[in-house]
Every structure is written in structure tokens, then in C-alpha cells.
There are 2 protein chains.
Amino acid sequence: MTGESSRITAQGRARAGAGARADARRNRERVLAAARAVFAEHGIDAPMATVARRAGVGVATLYRHFPTRDALVRGAYQRQMETCARALTDALDEPDPWQGFQRLVETVCELQREERGFPAAFLGAFPQSTAEQAQAREQAERAFTALVRRAQAAGELRADFHPSDLAVVLLAHCGLVTALPDDRAASRRLVAYLLQSFRADGAAARPLPPPAALALRDLPIASVSPPGRRLFDA
Amino acid sequence: MTGESSRITAQGRARAGAGARADARRNRERVLAAARAVFAEHGIDAPMATVARRAGVGVATLYRHFPTRDALVRGAYQRQMETCARALTDALDEPDPWQGFQRLVETVCELQREERGFPAAFLGAFPQSTAEQAQAREQAERAFTALVRRAQAAGELRADFHPSDLAVVLLAHCGLVTALPDDRAASRRLVAYLLQSFRADGAAARPLPPPAALALRDLPIASVSPPGRRLFDA
DNA sequence: CCTCAAACGGACGATGTCGTCCGTTTGCGA
DNA sequence: TCGCAAACGGACGACATCGTCCGTTTGAGG
């Protein structure tokens, strides 16, 4: 029999982690970078082979590192996901209750705005069911609820704001940046409007970021003649 | 030579219109109904063959009536698109400026909320370029701008609302209902928040519809342990 | 330097969708 | 009732993507 040590080392080796071979580690990073680039350009459903080619590796290498598209997507945007989670803890560290709340929303939306494929990944991961992460979830949920309660107690967040409204905001924003990946002004504008409406003292209308770059005429609604009569009946 | 009349009639016949054969007209309607059903269930990208099977027709019949998927989608949601366009004219008929504005937003969002596949169709049609409809577009754009100006002049719509914000609202809402087709409460909630923030007198916080049905724990953000330290470090 | 397991890459069969072609059926006018 | 063009339906070839298999290369420990 050959030595057990080498056999064990080989089997139990973390995936392209510290103990992995140098080329494996390098290729893993290349694939992740390529995935972000390709996903940004062609969307999350881009062919796996395209990612592999862009990374300069064979498809087999890609599949070896990431057996499913889902694993690849998660790998590609892990950093963003972690930043989201960290924003939650940072928000509670913020002394001002409203600032903390506002920063959380803005940080997550900014992440969605800046990294092209991330919103789709975020949406795709939406109805998650990895039992292993249940605990982390529960903690995060409690953390956000605490954040909400604190801002409400300070009289800055409207009393009827419900924690689930965060999901409403993020999903809506996701949709916007997915539809208009280039128009950051639109994203900022939406966030500003929403934060405005979350304030308990809706009173003082707050200044808005500059208007969106998109033209209204691009809307489908504007390209269908209404049946029956014409606008401004000429 | 055979009679010209029959030849001309056959060639120039409107697609499954009044002059078409009975079975053709019937099948066209069946296909449209099937398309709505299938799109609602499996999304707009569902295989054409699935639609054909559901309609009880062959694929060839489907393609004969709708040569491209795009044509099918447009056909399936033409009524909704027209209702959108009509809402624009109706809004101007409304005597109260704010009511008119509010009704427009609510009507369009309700359409997106009620018919499953419509939001995706709406998004898909977004950067349209059918030159033929340029005039109708321009008219609709002017109509909406007029609606905005009127509500602003009445001091009910905030002065810095920009007509392009309508697109922001609709795209965001589209994203939300696409992500949560079953949660109408979430949609109503978003619309209420947005309309609130559009009011010039943001002051009086308006009552909100009941909270969304979704659980916060479904958010991806809640399923990633923040790196570095734990929430509520136990 | 030598050895070997780990890692690699590309070819290939499987799968699913598209859209056309063509033989058959059917509605409708004569 | 008859005849024909319009409409129909399903089979089929083209095409794209998937994910595995296997022969080859390579990094690293001895």
C-alpha cells in the first residue's frame, strides 16, 4: 500500500483552496473573472462554453470547478453577497438610526447598480432553500427587524413600514437595473423616491438626483395608438 | 383566366380577419389564449411547440399566424397594451389633476399585476424601434407630459418630478411583479409608496395597503453569513 | 531528475428547440 | 354536390447548448 497521508491529502483537499495545485487555483480565478465579464455582457444565461473560452480554459475545467451554472453564478458574485450581508451589520453600528437604515438600502442598491450580472444573480437566488444557511438567515432577519424598530422608535422611519418592504424595494430596484443597466441615474432616482416615502416626516420633500437618461418615448406604452380615439384628436 | 376577384380576395385577405376562413379565425384565437396560459405558467420563453399543443393545433399553424415569437407575444398582450394607451387619454379626461395622474400609474401597474406574462412582454418590447409607430409615440409622450405639467401646476405633484420618472416606476414595478407574480400586496405596496413620494405635500403620510406576503427570510441577502463577524455575536 | 496523481482540454453523444416542407384535410363559393 | 385554394398537422433537418469521457499535460513531492 502507498502512504495514507498522500491519499488523504488528495481526497480531502479544499476546492482550489490553499492546498490546491497552483494552476487549479489560477484557473479558478480566471473562470470567475471571465464569468463576471461574460455575464455582464450577455446575461446570466450565457453559454458555459463562452465563459470557458473567455477564461482561456476548456469546458471540462470549468465544470470541474463549478459543476452547475448556479455554482458558477454564486461563485462569481460571492463577494457582492457578502458585502450585502456585511452592510446589515454595519447599519446597526451606525449611531444615527435613520442613517443606518438609509445606508443599508443605498449600499445594496449600489451593489446591484455597479456589477452588471449581480441583479440577475440576486433574483435567481431568490427563493433559496439551502437548509444549511437557515441560521444565518434568521439572524439577518432579526438584525434587519432591529434596524427597522430602532429607526421607527426614533420617529424617523414611518411606523407602518414593514420589514418585508425591504424585499419589495430590492426586487423592484433589481428589475429597474436589469432593464436599464446603463442608466444609473434612474436607479438613484428610484432609491431617492423610495427613501423619501419611508420617512415618517414625509413633509420636507428632499432633493432628488438628476433625472434618468432614458427617454419616455422608449416606453412600450407610448408606441400603441389608443383604440377608439386619438390623443389630441387632430 | 379565372376571375380576378377570387384571386385578389385570397391574396389581400387580412390575417385571420373578417374575410378569413372560419377555422383560421378560430385557431388564431385558440393560439392567443393558449399563449397567454402557457406564458403565464412557464414564462415568455416557453417553447412554441408547447403553445401549439395547448392550443390543440400543429406548430405550422402557429407559425402561419405568428411568424415570430415576438409577433405571438404582441398578439397575446395587444389588449393590455391598448388599455395602457387608453389609460393615458382617460387620465387627461379626469377633472382632478392628481387623480388623473394617480389613476394612470395605478391602472398600468394593475395591468402588469393581473396578467402574468404581460410584464415580461412589456419589458421585452422596451427598446422598440418600429418606425411606423413614431407618431403615436410622440403624441403619447406629449399627453403624459401634459398630464404631469397639469398636476404640477395644481401644486399636487412635486415640481421636480420628471416625465421620464414614469418609465422608472413602470420598469421597477415590472421587475417586482416578475419576481413575485403571486404577491399582489407587494405590488400595491410599492405603488402606494411611490405615489406618496410623488406628492408635492409629502407631509401627510398616506395609509398603505397591507404588507406583502413574502417573508423577509426569502431574501438572498439574509442567507449569507457576513464575513468577519457574526450578527448578534453570540 | 522522476514519478504520479491531479488537472487539463477538446471531442462527442444527448437533449431540446426552432422553423420549414409537404402530403392531407376542410371550409366555402359555384 | 363538387372542386379548389386555403388551412392544417406532424415529421424532419438544422442548430445550439449541455455535460461527460478519455487521452494528454503538468505541478510538486521524493
Side-chain angles (χ1 to χ4, degrees), chain A residues 1-32 34-35 38-39 41-73 75, chain B residues 1-32 34-35 38-39 41-73 75:
Chain A
M1 275 189 216
T2 53
E4 278 195 5
S5 67
S6 68
R7 193 182 290 169
I8 289 176
T9 312
Q11 283 292 63
R13 182 167 289 165
R15 299 208 176 202
R21 241 168 68 171
D23 55 346
R25 229 176 310 123
R26 185 177 354 109
N27 278 335
R28 188 191 145 90
E29 289 311 312
R30 277 191 191 176
V31 165
L32 286 176
V38 170
F39 289 164
E41 190 170 350
H42 303 290
I44 275 218
D45 295 323
M48 299 291 261
T50 305
V51 175
R53 197 165 344 104
R54 172 80 79 119
V57 305
V59 270
T61 298
L62 193 162
Y63 280 108
R64 200 170 304 114
H65 286 292
F66 305 98
T68 67
R69 154 171 273 111
D70 201 66
L72 178 59
V73 170
Chain B
M1 272 191 225
T2 53
E4 280 195 7
S5 66
S6 69
R7 193 181 291 171
I8 288 178
T9 312
Q11 284 292 65
R13 181 167 290 166
R15 298 207 176 204
R21 244 168 65 170
D23 56 346
R25 229 176 311 123
R26 184 171 2 103
N27 278 335
R28 188 191 145 90
E29 290 311 313
R30 277 190 191 178
V31 166
L32 286 177
V38 170
F39 289 164
E41 192 170 349
H42 302 291
I44 275 219
D45 295 325
M48 299 291 262
T50 304
V51 174
R53 196 166 345 106
R54 172 81 79 117
V57 305
V59 272
T61 299
L62 194 162
Y63 280 109
R64 203 171 302 113
H65 286 292
F66 306 98
T68 67
R69 153 171 274 112
D70 200 64
L72 178 59
V73 170

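A note on names: the letters A, B, ... follow the listed sequences, proteins ahead of strands, and every chain is numbered from 1. Just so it is clear, the structure is predicted and the values come from calculations on it, not from any experiment.
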First encountered from the 5' end of DNA chain C, between B:Ala49 and B:Arg26 = B:Ala49

If you take all heavy atoms of B:Ala34 and B:Val51, which pair is closest and at what distance?
-> CB-O, 3.6 Å

Could you tell me the separation between the CG atom of A:Leu62 and the P atom of D:dC18, rounded to a whole number of Å?
-> 10 Å

For B:Ala60, answer base if it contacts any base atom (sugar-phosphate contacts may also be present), sugar-phosphate if it contacts only those atoms, and nothing otherwise; contact means non-hydrogen atoms under 4.0 Å.
-> base

Please tell me which of the listed nucleotides, C:dA7, C:dG27, D:dC18, lies nearest to the side chain of A:Pro47?
-> D:dC18

C:dG9, C:dC18, D:dG9: which one has an atom nearest the side-chain heavy atoms of A:Val57?
-> C:dG9

Taking for each residue the nucleotide of DNA chain D with the nearest heavy atom, is it A:Arg25 or B:Arg25 whose nucleotide lies nearer the 5' end?
-> B:Arg25

Rounded distance (Å) that lies between atom C1' of C:dA5 and atom CZ of A:Arg64 = 13 Å

To the nearest 0.5 Å, what is the distance between CG (B:Leu62) and OG1 (B:Thr50)?
-> 10.5 Å

Heavy-atom check, side chain of B:Phe66 versus side chain of B:Val73, under 4.5 Å | no

Quickly work out the A:Arg21 CZ to C:dC8 C1' distance and round it to whole Å.
-> 8 Å

Of the candidates C:dC18, D:dC8, C:dG9, the side chain of A:Thr61 sits closest to C:dG9

Which listed nucleotide (C:dG9, D:dC8, D:dA28) is nearest to the side chain of A:Ala22?
-> D:dA28

In whole Å, what is the span from the CG atom of B:Asp23 to the P atom of D:dA7?
-> 8 Å

Working to the nearest 0.5 Å, report the span between CZ of B:Arg69 and CD1 of B:Ile44.
-> 8.0 Å

Side chains of A:Arg64 and A:Asn27 in contact at under 4.5 Å (non-hydrogen atoms) | no

Closest nucleotide of DNA chain C for A:Ala24 versus for B:Thr68: which of these residues is on the 5' side?
-> A:Ala24

Which nucleotide in the set D:dG10, C:dA7, C:dG27 lies at the smallest distance from any side-chain heavy atom of B:Val59?
-> D:dG10

Taken to the nearest whole Å, CZ/A:Phe66 to P/C:dC8 is 11 Å

Round to the nearest Å and state the distance from A:Met48 atom CE to C:dA14 atom P.
-> 21 Å

For C:dA7, take OP1 and OP2 only and decide whether either is under 4.0 Å from a side-chain N or O of A:Asn27.
-> no

Among C:dA11, C:dT20, C:dC8, which is the nearest nucleotide to the side chain of B:Tyr63?
-> C:dT20

Indicate whether OP1 or OP2 belonging to D:dC8 is found under 4.0 Å from a side-chain N or O atom of B:His65.
-> yes

What is the distance from CG of A:Asp45 to C1' of C:dT17, rounded to the nearest Å?
-> 15 Å

Under 4.0 Å between any heavy atoms, over every strand shown, what does B:Arg69 touch: base, sugar-phosphate, or nothing? Just pick one.
-> sugar-phosphate

Rounded to the nearest angstrom, tell me the gap between atom CZ in A:Arg28 and atom P in C:dC8.
-> 12 Å

pair B:Leu72-B:Met48: side-chain heavy atoms closer than 4.5 Å | yes

